[in-house]
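What follows is a short report on a single structure.
Every chain is numbered from 1 and lettered A, B, ... according to where its sequence line falls, protein lines coming before strand lines. Quantities reported herein were computed from a predicted structural model and do not represent experimental measurements.
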2 protein chains.
Amino acid sequence: MAEALTSEAILAATEEVLRRYGPAKATVVDVAKALGVSHGSVYRHFATKAALREAVTRRWLDAVHEQMTPRFDQGLTVGETLKTWLQQLFDKKRHGHTEDPELFATFQVLVKESKAIPEYHIRHMVGLVARIISAGVETQEFVTDDVAATAKAVWDATEKFHHPAHAQEWGDPHIQDAFDAVVSLVIAGLRYNRTPSAAGDA
Amino acid sequence: MAEALTSEAILAATEEVLRRYGPAKATVVDVAKALGVSHGSVYRHFATKAALREAVTRRWLDAVHEQMTPRFDQGLTVGETLKTWLQQLFDKKRHGHTEDPELFATFQVLVKESKAIPEYHIRHMVGLVARIISAGVETQEFVTDDVAATAKAVWDATEKFHHPAHAQEWGDPHIQDAFDAVVSLVIAGLRYNRTPSAAGDA
DNA sequence: GGACTGACAGATTTCAATATCTGTCAGCCG
DNA sequence: CGGCTGACAGATATTGAAATCTGTCAGTCC
């Protein structure tokens, strides 16, 4: 009956099932039931349950990445742009966490399930930081001899404000002060920093 | 028979039981058995199992704090002293984690059990950082208008290298590079940083 | 009389039987 | 033929009954 079963339809159904039952209870059988097919059919499009969940997660992350592409406002210094970008990231995580805790927790679990997904996500995000730092180097606002390594350092130094392991701390009433202090310190460092000895050699 | 039952003897026995059975299996009955008394006697000295475990943990943390008291070597800049101190902290955590994983994991679990213990630990550690930063301000190597807030920022920015939630990342072959890059960035920031608006007002 | 015991109630944990789920595949159906 | 079904084996999750543990307290013993 109806249309042919597509991967896209399966992904949409999977997302809906995950939303309804949560990551612990959602099964391949549920997805098949939602689509009105047998669960064997789902395995024709995705080799394993893990692959299916990973595909849904990647789809969701791509949308997040899209939203996080940095915007360079003419009136702002690059330092302000970086601060704004980090604030936006922080707000997104916090907001998601306090407003729709269930869906946020669902994707938090999904991201942790594979090793490839966090690597993919971090590589992308650090790349976005690198773009901003590059702009800062061009305007001579920032100093660094290795943009990629410095971008990674900025990411690592602000981990408290974007790593899911710290999500519970985001409810602290002083968390914004802590964010401001760290970002201020980091940006001050970017104005004059030499990475000690990056991945490459002399 | 034998000596009177002291709190100290109970703490020592508890530590031994925790070491042998791990945090999940260690029971108050085990502790009493190790001391040759009934478990009711233990409750004469500690109101609850949680209080007993917290006391053992605090005892262990105090020893750690003792070891971490910063040493100011005359030949070193304060920046180098801070870097060395952070490296020592990082090594201790990593080392503990890879050399005696069981005991390390045991105390990791114990610390997380209470809210007061991590607060106690962090307050102390940030205090130690503040001492180093203070020294840097005195020599005019560092600039900050709020030593306590800046110390907290340094602690937060280096969270990846001391927070137990990141323990699994400490096995990464590039983790030392990441540490060097973050610490370098942070110390560069300390050389000229103004906290934006700390807890106090104008 | 003051430290200790041991039996007890309620809470928590363990364990094994049962049910469900994942992934495969021979066969069906259009 | 090519996508789909549904029955199946092994792996994983759920459940509830039994065992253990925590925290209390009346009573024992020096």
Side-chain angles (χ1 to χ4, degrees), chain A residues 1-58 102 105-106 108-110 112-117, chain B residues 1-58 102 105-106 108-110 112-117:
Chain A
M1 48 199 80
E3 303 287 299
L5 183 62
T6 63
S7 294
E8 181 51 35
I10 294 174
L11 287 178
T14 303
E15 197 171 320
E16 176 55 24
V17 167
L18 280 165
R19 192 183 277 273
R20 219 204 299 277
Y21 300 107
K25 298 281 186 179
T27 72
V28 176
V29 172
D30 292 331
V31 173
K33 210 173 293 173
L35 289 162
V37 299
S38 82
H39 76 281
S41 298
V42 173
Y43 281 96
R44 181 161 301 282
H45 295 263
F46 296 93
T48 64
K49 181 187 187 184
L52 173 58
R53 290 167 78 118
E54 191 172 315
V56 173
T57 309
R58 213 174 273 267
E102 287 181 40
T106 293
Q108 196 168 298
V109 168
L110 290 175
K112 271 205 294 189
E113 272 174 7
S114 116
K115 227 174 73 118
I117 288 280
Chain B
M1 45 199 79
E3 304 287 298
L5 182 62
T6 64
S7 293
E8 181 51 35
I10 294 174
L11 287 177
T14 303
E15 197 170 321
E16 177 56 23
V17 166
L18 280 165
R19 190 183 280 272
R20 222 206 295 281
Y21 300 106
K25 298 280 186 178
T27 71
V28 176
V29 172
D30 291 331
V31 173
K33 210 175 293 175
L35 289 162
V37 299
S38 81
H39 77 280
S41 298
V42 173
Y43 281 96
R44 181 162 300 281
H45 296 262
F46 296 92
T48 64
K49 182 187 187 183
L52 173 58
R53 290 167 78 118
E54 190 172 316
V56 173
T57 309
R58 212 173 273 266
E102 289 181 40
T106 293
Q108 197 167 297
V109 169
L110 291 175
K112 271 205 294 188
E113 273 175 6
S114 115
K115 226 174 72 120
I117 287 280

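Rounded to whole Å, the distance from NZ on B:Lys33 to C1' on C:dG6 is 14 Å. Remark: C1' of D:dT5 and CG of A:Leu35 are 15 Å apart, rounded to the nearest angstrom. Straight-line distance from the NE2 atom of A:His45 to the C1' atom of D:dG2: 12 Å, rounded to whole Å. Between A:Phe46 atom CZ and D:dG3 atom P there is a gap of 15 Å when expressed in whole angstrom units. When the C1' atom of C:dT13 is taken as reference, atom OH of B:Tyr21 falls 17 Å away, rounded to whole Å.
Proximity of A:Ser41 to the phosphate of D:dG3: no side-chain N or O atom is located under 4.0 Å from OP1 or OP2.
Within the 4.5 Å cutoff, the side chain of B:Arg58 has heavy atoms near those of the B:Ile117 side chain.
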- Message: One pair to check against side-chain contact (heavy atoms from CB on, under 4.5 Å): A:Thr14 and A:Ile10. What are the steps and the verdict?
- Response: CA-CA 6 Å; A:Thr14 303; A:Ile10 294 174; 3.9 Å; yes

- Could you go step by step and tell me if B:Leu52 and B:Leu11 meet the side-chain contact (heavy atoms from CB on, under 4.5 Å) rule? CA-CA 7 Å; B:Leu52 173 58; B:Leu11 287 177; 4.1 Å; yes

- At under 4.0 Å between heavy atoms, which parts of nucleotides 19-26 of chain C does protein reach? Answer with one letter per nucleotide, 5' to 3': B base, S sugar-phosphate only, - none. --SBBB--

Expected list for residues 22-32 of chain B: side-chain donor-acceptor pairs under 3.5 angstrom, two or more places apart:
| residue | atom | partner | partner atom | Å |
| --- | --- | --- | --- | --- |
| B:Thr27 | OG1 | B:Val29 | N | 3.3 |
| B:Thr27 | OG1 | B:Asp30 | N | 3.0 |
| B:Thr27 | OG1 | B:Asp30 | OD2 | 3.1 |
| B:Asp30 | OD2 | B:Thr27 | N | 3.1 |

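When all heavy atoms of A:Ala55 and A:Phe46 are compared, the pair lying nearest together is CB-CE2, 3.8 Å. Summarising the geometry of B:His45 relative to B:Leu5, their closest heavy-atom pair is CE1-O, 3.1 Å, with the distance given to 0.1 Å.
Where A:Val37 and A:Ala24 meet DNA chain D, the nucleotide closest to each residue was compared, and A:Val37 sits on the side nearer the 5' end.
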